[in-house]
> 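Mind having a look at this structure? Questions to follow.
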Amino acid sequence: MVRMESKGQHEIAGFVLIVLIVSVIGVVFLTITLGNQDVSRQTSVEISNLLQASMYHTTDCAINFIPQYRDLQDLIKECHKDKTGNFRECLGGDDVCQVLEENLKEILDESLLIGEGNVNKAYKLDIYFSSEEELNNEFILSLENGIFNNCTSIVGGSHPIPVSTFGFGKIETELLVCKS
């Protein structure tokens with residue numbers, strides 16, 4: 001009789017051990033799955049349209065003569081020329097890249113309304129030249145506002161600017177927006 005009770009106890013202990021192992025594996029799996037959950041980035045037509053429309057915003061910067069004021073897309077190209085060693089400035093004496101940065105920041109801040117009480121918590125804009133010949137991207141400008149933290153979703157868009165005078169390549173503008 002003692003021998004039968006011992007066998008039953010071993011079976012129960014084995015069953016409890018299996019349940020414990022499965023539970024620990026389940027907790028570890030859930031921790032990894034939920035803990036490393038990265039907010040997916042989604043392409044947004046709205047963000048792409050905002051970028052595209054802002055490229056045609058006329059600034060108060062003229063480079064060659066006064067009635068020929070440049071839009072943001074032209075200033076991005078001029079700023080890239082400036083970064084490659086050809087110093088560019090507006091006729092009023094302002095730095096092309098500085099005028100570009102100020103105008104883009106104003107447009108994005110007014111359009112996206114970044115803040116804790118708003119739907120948009122933060123944005124990050126990167127403008128860079130990418131060439132088919134080189135693996136490295138040449139950064140032209142980077143703008144940020146707000147903090148990318150605890151985003152429920154991240155939406156983004158891009159707008160390519162073809163550039164033929166610099167060989168084969170293009171200037172990419174990429175905008176990411178953190179939503180709450």
Side-chain angles (χ1 to χ4, degrees), residues 39 41-151 153-180:
V39 177
R41 295 181 183 176
Q42 303 167 355
T43 302
S44 167
V45 174
E46 181 180 298
I47 299 297
S48 294
N49 287 344
L50 171 64
L51 275 175
Q52 184 174 4
S54 65
M55 292 298 124
Y56 299 106
H57 169 78
T58 304
T59 66
D60 59 351
C61 177
I63 296 176
N64 298 329
F65 53 92
I66 288 293
Q68 187 184 19
Y69 294 103
R70 301 297 177 107
D71 59 23
L72 287 178
Q73 187 165 284
D74 289 338
L75 285 187
I76 290 172
K77 292 177 186 178
E78 294 296 332
C79 186
H80 181 259
K81 288 179 189 175
D82 189 39
K83 302 276 186 202
T84 58
N86 300 327
F87 182 71
R88 310 297 284 178
E89 66 178 25
C90 303
L91 289 178
D94 295 329
D95 179 46
V96 170
C97 296
Q98 185 66 33
V99 172
L100 171 66
E101 183 176 344
E102 290 169 1
N103 278 267
L104 272 173
K105 184 159 180 46
E106 181 180 339
I107 289 171
L108 293 175
D109 288 346
E110 289 178 9
S111 300
L112 295 174
L113 300 174
I114 302 298
E116 283 300 319
N118 297 323
V119 174
N120 301 321
K121 292 177 65 178
Y123 71 79
K124 181 174 176 33
L125 173 74
D126 288 325
I127 303 174
Y128 57 90
F129 176 76
S130 64
S131 172
E132 295 174 3
E133 300 165 354
E134 297 179 24
L135 297 177
N136 297 350
N137 294 330
E138 300 173 29
F139 270 92
I140 298 170
L141 180 68
S142 185
L143 288 175
E144 292 183 40
N145 187 3
I147 300 171
F148 270 84
N149 193 9
N150 297 329
C151 305
S153 68
I154 297 175
V155 295
S158 63
H159 176 73
I161 303 170
V163 183
S164 61
T165 58
F166 301 118
F168 297 103
K170 62 184 171 183
I171 295 175
E172 283 287 343
T173 58
E174 294 179 348
L175 177 62
L176 295 176
V177 179
C178 172
K179 301 275 188 182
S180 60

> Over all heavy atoms of both residues, which pair between S130 and N137 is shortest? Give the atoms and the distance, please.
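Distance-wise, the nearest heavy atoms are CB-OD1, 3.3 Å.
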
> What's the spacing between L50 CG and L112 CG if we round to 0.5 Å?
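These two atoms lie 5.5 Å from each other.
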
> Would you list the pairs meeting disulfide (SG to SG under 2.5 Å) in which at least one residue belongs to residues 89-118, sequence neighbours left out?
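Every disulfide (SG to SG under 2.5 Å) pair that includes a residue of residues 89-118, provided the two are not neighbours, is C61-C90, C79-C97.
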
> Is S44 reaching over with its side chain to a backbone N or O of G157, donor-acceptor style, under 3.5 angstrom?
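No, because the side chain of S44 does not come within donor-acceptor range (under 3.5 Å) of the backbone of G157.
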
> What is the minimum heavy-atom distance between V96 and I63, and which atoms define it?
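Minimum heavy-atom separation between V96 and I63: CG2-CD1, 4.2 Å.
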
> Could you give all pairs that pass the side chain to side chain donor-acceptor pair (under 3.5 Å) test and reach residues 62-72, with sequence neighbours left out?
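Matches after skipping sequence neighbours: R70-E78.
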
> Shortest non-hydrogen contact from D126 to S142?
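Looking at all heavy atoms of both residues, the shortest contact is OD1-OG, 2.8 Å.
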
> Hey, is the main chain of N118 close enough, under 3.5 Å, to the side chain of S180 for a donor-acceptor pair?
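Yes.
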
> Is there a side-chain contact between I47 and Y123, using heavy atoms and a 4.5 Å cut-off?
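No, side chains not in contact.
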
> Can you tell me how far apart NZ (K121) and CG (N150) are? Round to the nearest 0.5 Å.
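Rounded to the nearest 0.5 Å, the NZ-CG separation comes out at 5.0 Å.
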
> Check step by step if side-chain contact (heavy atoms from CB on, under 4.5 Å) holds for I127 and L104.
CA-CA 11 Å; I127 303 174; L104 272 173; 3.6 Å; yes

> Pair V99, D60 - check side-chain contact (heavy atoms from CB on, under 4.5 Å), show working.
CA-CA 8 Å; V99 172; D60 59 351; 4.2 Å; yes

> Main chain of T59, side chain of N103: is a donor-acceptor contact present, judged purely on distance under 3.5 Å?
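No: the side chain of N103 does not pair with the backbone of T59.
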
> Between CG of L72 and NE2 of H57, what distance do you get to the nearest 0.5 Å?
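If I round to the nearest 0.5 Å, the distance is 5.5 Å.
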
> Between H159 and S48, is the side-chain contact (heavy atoms from CB on, under 4.5 Å) condition met? List the steps.
CA-CA 6 Å; H159 176 73; S48 294; over 6 Å; no

> Could you state the interatomic distance from CG (L51) to OG (S111), rounded to the nearest 0.5 Å?
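It comes to 10.0 Å.
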
> According to side-chain contact (heavy atoms from CB on, under 4.5 Å), who are the partners of K179, at least two apart in sequence or on a separate chain?
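With sequence neighbours excluded, K179 shows a side-chain contact (heavy atoms from CB on, under 4.5 Å) to V119, N120, T152, S153, V155, V177, given in chain and number order.
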
> Are more than 12 heavy atoms, taken from residues, nucleotides or ligands other than K124, located less than 6.0 Å from that residue's NZ atom?
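For K124, atom NZ is crowded (more than 12 foreign heavy atoms under 6.0 Å).
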
> Please assess L108 against L125 for the test side-chain contact (heavy atoms from CB on, under 4.5 Å), listing each intermediate value before the final yes or no.
CA-CA 9 Å; L108 293 175; L125 173 74; 3.9 Å; yes

> Kindly check if the number of other-residue, nucleotide or ligand heavy atoms within 6.0 Å of CG (L113) is above 12?
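Buried by this count: over 12 neighbours within 6.0 Å.
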
> Do the rings of F139 and Y128 sit parallel, tilted or perpendicular, given the 30° and 60° boundaries?
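Tilted, since the angle between the ring planes falls between 30° and 60°.
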
> When rounded to the nearest 0.5 angstrom, what distance separates SG in C178 from CG in N149?
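Between C178 SG and N149 CG, I get 8.0 Å after rounding to 0.5 Å.
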
> Would you give the length of the straight line joining atom CG of L143 to atom OG1 of T173, rounded to the nearest 0.5 angstrom?
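So the CG of L143 and the OG1 of T173 are separated by 11.5 Å.
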
